[in-house]
Amino acid sequence: MALPYDSAPKFAEYAHPEMIVSTEWVAEHLDDPGLVVAESDEDVLLYETGHIPGAVKLDWHTELNDPVTRDYVDGAGFARLMSEKGITRDTTLVLYGDKNNWWAAYALWVCSLFGHPDLRLVDGGRAKWIAEGRPVSTDPAKRPQVDYPVVERDDERIRAFRDQVLAHLGQPMIDVRSPGEYSGALLHMPDYPQEGALRGGHIPGARSVPWARAAAEDATFRTRAELEAIYAGEAGLRPEDDVVVYCRIGERSSHTWFVLQHLLGYPHVRNYDGSWTEWGNSVRVPITRGDSP
Amino acid sequence: MTPATLHPRLQEIVEDFAAVPDRDRLQLLLEYSQDLPALPERYAEHRDLLEPVPECQTPLFLAVEVEPDSVVHLFFEAPAEAPTTRGFAAILHAGLDGLEADEVLAVPAEFSTQLGLADLVSPLRLRGMAAMLARIKRQVRDQRG
């Protein structure tokens with residue numbers, strides 16, 4: 001049984017208001033049956049220091065990724081993971097996390113590959129919940145094991161691979177990294193040298209729209225009108241466009257993917273999760289340096 | 001990997017981590033993170049004296065002092081929202097602070113891989129700890145002249 005949507009006026013403006021909830025909504029519905037809240041962070045220990053009471057932990061590195069191949073878990077692995085977390089196919093799964101919801105958006109995107117029907121993101125994420133002085137708990141959530149069905153991952157709709165991006169050259173693409181990474185001045189994100197690449201620059205034709213443009217100071221998403229001005233206005237995207245977004249490993253671009261697909265309602269948006277750590281290390285793929293697409 | 005060459009204090013930490021089941025190992029790292037000593041005033045008021053460690057996913061700063069008698073002291077700063085980074089720093093503090101310069105320089109570069117954390121924390125995150133150790137050793141070498 002799906003939970004009611006958050007009817008906040010800000011959300012009603014978005015193309016898919018059913019995909020986003022406020023911290024107030026979470027506080028109000030925390031004990032409702034059919035709801036599971038999951039925290040997904042960059043820091044693997046942050047959940048243990050205190051999380052939304054009852055929330056389960058969902059780690060991008062150790063749980064959503066395949067431990068050997070650079071890929072996500074498969075249908076059986078995802079079913080096992082969800083079952084252990086107490087999430088059924090009917091669960092309203094609400095995600096939040098640190099760093100402006102980068103990893104929560106990434107987890108939401110991965111769950112979307114498996115077509116989980118009811119996924120929502122908490123506007124403002126962990127930082128907003130904490131800033132508002134809402135309760136946190138250090139007790140690990142104990143949810144009974146359930147039975148999540150094996151659903152095969154669909155990599156066609158919202159995921160792009162390197163060769164598909166090569167075939168996509170000349171069509172709309174958004175690079176969400178920092179300006180220094182885009183131009184090629186930096187071979188890695190500031191402060192993240194371990195995720196570097198041998199070559200710097202961007203995919204030819206990609207427009208630079210750093211992910212943070214979509215976020216307000218308090219980590220919440222900007223309003224629909226503000227987002228339209230950035231992506232439709234400045235970047236010139238049209239709703240009918242086939243758009244590819246990328247960053248460095250696919251997590252910041254999940255944030256922008258969420259904005260384009262769910263807040264603005266563009267139907268054809270794919271996240272290239274190989275991103276710059278694949279493209280910038282690939283042999284003989286075209287690269288553009290400098291500030292222009 | 002030759003654990004036999006580890007300094008007894010580091011060996012003790014490795015054994016502590018090895019003694020607990022996987023699930024409790026993260027909890028142990030969290031306990032370390034909570035025990036990271038605060039910066040003494042002389043650094044808290046002069047943050048420009050600290051060296052940034054950008055290889056950590058969250059900002060970490062460290063300072064190294066080698067006393068005339070060759071004893072090494074370590075100082076770290078990392079935000080509370082970065083418990084994993086704080087935990088790595090605290091392990092190095094517990095294992096290395098007060099050792100002789102030669103003992104610090106003898107720590108194997110891959111020490112961080114001996115804690116059984118790779119599957120729990122991910123190898124990528126663990127690289128931050130290796131980078132901290134490398135920077136500490138470089139500073140010890142520089143200061144010893």
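Note on naming: letters A, B, ... go to the chains in the order of the sequence lines (proteins, then strands), and numbering restarts at 1 for each one.
- Contacts between Leu120(B) and chain A at a heavy-atom distance below 4.5 Å involve the backbone alone (N, CA, C, O).
- Using a 4.5 Å cut-off on side-chain heavy atoms (C-beta onward), Leu26(B) and Lys57(A) make contact.
- Residue-environment remark: CZ (Arg134(A)) exceeds the threshold of 12 foreign heavy atoms within 6.0 Å.
- Neither the backbone nor the side chain of Asn65(A) comes within contact range of chain B, judged by heavy atoms closer than 4.5 Å.
- More than 12 heavy atoms of other residues, nucleotides or ligands shown are found within 6.0 angstrom of CG on Asp102(B).
- Between Thr85(B) and Asp43(A), the shortest heavy-atom contact is N-OD2, 4.1 Å.
- Side-chain contact check for Val44(A) versus Arg125(B): some heavy-atom pair is nearer than 4.5 Å.
- At most 12 non-hydrogen atoms from other residues, nucleotides or ligands lie less than 6.0 angstrom from CZ of Arg199(A).
- Shown here is Arg42(B), whose CZ atom has more than 12 heavy atoms of other residues, nucleotides or ligands within 6.0 Å.
- The CD atom of Glu81(B) sits 9.0 Å away from the NZ atom of Lys99(A) when rounded to the nearest 0.5 Å.
- Thr62(A) approaches Ser122(B) most closely through the heavy-atom pair CG2-N, 4.2 Å.
- Enclosure of atom CD in Gln145(A) by more than 12 non-hydrogen atoms of other residues, nucleotides or ligands within 6.0 angstrom is indicated.
- Sparse packing is recorded around CG of Asp291(A), with 12 or fewer heavy atoms of other residues, nucleotides or ligands lying under 6.0 Å away.
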